Each structure stands twice: as structure tokens, then as C-alpha cells.
Protein chains: 2
Amino acid sequence: MARPARVSPDEILNAAAREFADRGFAGARVDRIARRAAVNKAMLYYHFKSKQQLYRTLLRRMFTLAAERLNAIARADASPAVKIDRVIAGFATIIQEHPVFPAIMLREVAEGGAHLDRPTLAALASVPRLVAAIVEEGVASGAFRAIHPVFAYFSLLAPLVFYLAGTPIRKEISSLHLINLRALSAADFVRAMQQATRRSFAPDPPARAAR
Amino acid sequence: MARPARVSPDEILNAAAREFADRGFAGARVDRIARRAAVNKAMLYYHFKSKQQLYRTLLRRMFTLAAERLNAIARADASPAVKIDRVIAGFATIIQEHPVFPAIMLREVAEGGAHLDRPTLAALASVPRLVAAIVEEGVASGAFRAIHPVFAYFSLLAPLVFYLAGTPIRKEISSLHLINLRALSAADFVRAMQQATRRSFAPDPPARAAR
DNA sequence: GTCTATACTTCGATAGAC
DNA sequence: GTCTATCGAAGTATAGAC
């Protein structure tokens with residue numbers, strides 16, 4: 001008694017994610033999302049009341065997923081430095097599992113959150129809050145020097161997102177021979193981020209016989 | 001014999017910069033650009049043959065300006081570490097002089113350079129090339145540890161752009177009381193970036209009596 | 001739940017007078 | 001160089017049959 005194959009809203013959301021990542025909210029075409037999901041437009045509007053609501057649902061999911069991963073890292077029994085290593089690797093893992101995330105994040109930052117409602121913004125806000133909690137824990141315990149949690153958040157997340165979202169443009173620039181740069185894989189980039197952050201967050205060695 | 005006040009293409013470009021920053025290429029409306037520049041649409045099309053050409057002209061200017069500033073820094077007589085401090089401050093200065101830049105950069109990275117032609121991409125590519133030259137100089141002289149130039153470029157630029165472009169969404173999140181974070185001015189952020197980068201790039205102290 | 005056809009709107013771009 | 005008026009294309013969303 002197999003149920004007839006039903007088009008799940010999930011397939012629409014996946015198609016929407018690719019379209020919004022490629023073209024942004026304004027550039028995304030509802031027709032194209034429907035075609036990518038192998039659904040007709042009316043079906044899409046049956047599951048989601050508008051392009052905007054589809055977008056909000058998608059972003060709320062993204063942010064919630066990231067917050068759940070970060071929450072697991074923050075609650076684990078590990079030193080702040082190890083947690084920060086895991087945060088960096090965790091962001092990279094999420095992005096590799098969902099290659100559309102960086103472009104969507106970049107665009108939404110540029111939009112100033114214009115298409116987001118309160119619950120979506122709340123889901124978004126929990127991401128920096130969790131990172132800040134780890135940083136503050138490390139600063140309080142002396143594992144880190146005095147780092148501003150907001151600075152920590154941006155210096156951790158931004159290079160990863162920028163680098164990974166920038167892969168297409170980097171490929172284009174290098175295929176036009178406009179610049180010749182040594183290869184740098186995503187895994188290399190993560191390791192470089194971890195090394196740089198460990199050095200950047202480390203407390204100063206106490207001045208010899210201070211005071 | 002004052003010339004009659006003529007609408008300069010520059011005013012159209014300034015209006016276009018704000019519109020493209022606020023809404024992206026796809027979301028930008030030619031009518032709105034014209035209205036913002038106090039010009040009618042036909043006038044705009046008299047100076048620029050299409051929305052795309054207007055966009056390309058704008059971005060080529062942006063990248064060229066940034067490359068010129070970086071070039072002056074790279075050629076100066078200073079240590080690599082000081083040059084990197086100046087690169088960070090220089091990016092921040094350019095952004096403060098042109099507050100529309102971050103959003104446009106974020107969007108263009110997300111677009112994968114889709115709207116750019118070869119000369120515009122060439123202007124863009126010279127920015128990471130100049131940063132890479134400074135980093136490679138520092139690595140070669142022993143002033144820096146072995147830093148990958150591409151990693152250096154992204155870890156310098158991305159946090160600044162992300163942080164400054166994210167100001168509107170940060171204000172919205174904090175005005176909704178979704179998160180309560182200590183203030184962090186742009187100048188503070190620049191100083192934090194400089195400190196973090198100096199620590200991150202510094203060479204390892206030689207192991208005591210190694211070998 | 002699923003589809004076709006279409007109403008209504010808005011946009012990029014141009015024609016043509018001055 | 002500058003303007004008004006408008007065209008044709010393309011977009012979001014819905015009506016209504018099945």
C-alpha cells in the first residue's frame with residue numbers, strides 16, 4: 001500500500017536553497033524553483049504562501065541547524081581552545097554539507113535582514129550568542145586573552161564563509177590567468193584558521209617578575 | 001559664462017552604488033537609480049547603455065580605487081608587519097569613505113562574478129595580488145611565519161567587510177533584544193584585527209637549542 | 001493534492017519631440 | 001542633452017478544473 005509519491009515541501013526547500021544561493025531573493029524566480037523541484041508553480045504556492053515565506057522558512061532552518069551544532073559544541077566537556085577549534089571545523093562541516101549556505105548568508109548580510117521576520121532573526125541571533133558564550137568562558141578562565149566576543153565571532157565565521165562562497169569567482173579569476181595562486185583546499189583553510197585563531201586568542205605570557 | 005548645470009555620469013554612478021548596495025543587481029531598479037540621481041531614465045540610458053554596463057563601470061571603479069591604495073602601501077618603505085597594519089586600516093578607511101562597498105562586495109562574491117567582464121575581474125584580482133605580495137615578502141624575510149597568501153587575504157578582508165556590512169542587521173537584532181552585546185566601534189574592530197593579525201602572523205620563537 | 005491557463009503588475013529599454 | 005510616453009518581456013500569484 002505504497003503511498004503515491006508525494007512532493008514533499010522539503011524538495012521545494014532544497015530547490016529554493018539553490019536558487020536563492022545562485023540569484024538572491026530578488027533574482028530568484030519562482031518558476032525556476034518549481035522547475036528545479038519538479039513541481040509546478042501552483043503546487044509551490046499550495047505549500048508556501050509566498051516567495052517571501054518560502055525564503056523565511058529556509059533561513060530559519062539554516063540558522064536553527066547551525067545553532068544546534070554550536071550548542072552541542074558549547075555544552076561539551078572540553079577546554080575553550082578545543083571548543084573554538086571545533087566551532088571552526090563545525091562551521092566548515094555545515095557548509096560542506098550544505099554548499100548553498102555561504103552565498104545565502106553573504107546575501108542576507110548585505111540585505112540587512114530585510115526579508116526576515118522576528119522568529120528567523122531570533123534563530124540567527126543564537127549563533128553569535130553561542131560563540132560569544134564560549135569566548136567569554138575562555139576569557140574568564142584565563143585560557144584566552146581579553147577578546148571581544150563580537151570580534152571573535154566575525155573573525156571566525158567571516159573568512160570561512162567568504163572563502164567558500166568565493167570559490168566560483170576565484171576559479172574564474174584563475175582560469176583567466178589574472179592571478180596565479182597556490183592551491184588551498186577547504187581542509188587546508190580550516191587548519192590555517194585554527195592555527196591562526198589559537199595564536200590570536202592565546203593569553204600573553206606573564207611579563208617576567210611583573211610587579 | 002557658466003555652463004548650464006549638466007548631470008554628470010558621476011552622480012548617476014553614486015546613485016547606482018547606493019541602489020546596488022541596498023538591493024543587489026537583480027533587485028536594483030533603473031527607475032530608482034534615475035530618481036536617486038535626479039535624472040530621468042532616458043538620460044541614464046544616454047550615459048550608460050544598460051543596467052549591466054552601469055554596474056560594471058561602478059565595480060571597476062571600486063576595485064581600481066582599492067588597488068591604488070594598496071599599491072601605495074605595498075611600495076612604501078616599511079616592515080611587512082607595519083604594511084599589514086596599514087592594509088587593515090586602509091580597507092577600513094576605504095569602507096568608511098564609501099559605505100556602500102561592503103554590501104556590493106558581499107553580493108558580488110555570492111554572485112560568483114556573474115555580471116563582471118574581463119577588465120573588471122582584472123581590477124578585482126589586483127587586490128588579492130597586492131596583499132599576497134606583502135605577505136610573501138614578510139614570509140621570505142622571516143618577519144612572518146609560513147602564511148598562505150590566500151588565507152592571509154581572506155582573514156584580513158572578510159571580517160572587516162562582514163562586520164561593516166552587517167551593521168544594519170546587527171542593529172535590528174539588538175533592537176529586538178534578541179542578544180545583548182557590548183558595543184564595538186569600527187575603530188575598535190580595526191584595532192582588534194591588527195592585534196589579532198600581528199599575533200597570528202608572528203614567527204614562532206626558535207625552539208631552545210633546536211638540533 | 002495536482003495541474004493548466006491566465007490575470008495583474010512591474011521592469012528594462014526605446015521612440016521621438018524638443 | 002533632456003524629456004514624456006510607452007512597448008514588449010518577464011514576474012508573482014491565483015482561478016478553477018480534475
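Proteins get letters first, then strands, A, B, ... in listed order; numbering begins at 1 in each. Keep in mind that what you see is a predicted model, and the values were worked out from it rather than measured.
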Legend entry - Any donor-acceptor pair under 3.5 Å from R145(B) side chain to S200(B) backbone: yes
Inset, instruction - Under the ring-ring contact (aromatic ring centres under 6.0 Å, His included) rule, collect the residues that match up with F162(B), sequence neighbours excluded. - result: none
Inset, instruction - Identify the heavy atoms of V127(A) and A67(A) that sit nearest to each other, and give their distance. - result: CG2-N, 4.2 Å
Without decimals, in angstroms, what is the distance between [X] [atom1] and [N] [atom2]?
X	N	atom1	atom2	value
Y55(A)	dT12(D)	OH	C1'	17 Å
Y46(A)	dA15(D)	OH	P	15 Å
M43(B)	dA5(D)	CE	C1'	17 Å
H47(B)	dT2(D)	NE2	C1'	9 Å

Inset, instruction - Starting at the 5' end of nucleotides 4-18 of chain C, put B wherever the base has a protein heavy atom under 4.0 Å, S where only the sugar-phosphate does, and a dash everywhere else. - result: B------SBBBB---
Inset, instruction - Would you please name every residue forming a side chain to side chain donor-acceptor pair (under 3.5 Å) with H115(B), sequence neighbours left out? - result: E111(B)
Legend entry - Identified salt bridge (charged side-chain N to carboxylate O under 4.0 Å, His left out) counterpart of E19(B) within the set R107(B), R32(B), K51(B):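 Of R107(B), R32(B), K51(B), salt bridge (charged side-chain N to carboxylate O under 4.0 Å, His left out) with E19(B) is met by R32(B) alone.
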Inset, instruction - Answer yes or no on whether R170(B) is positioned over the face of Y163(B), meaning its NZ or CZ is under 6.0 Å from the six-membered ring centre and within 45° of the axis. - result: yes
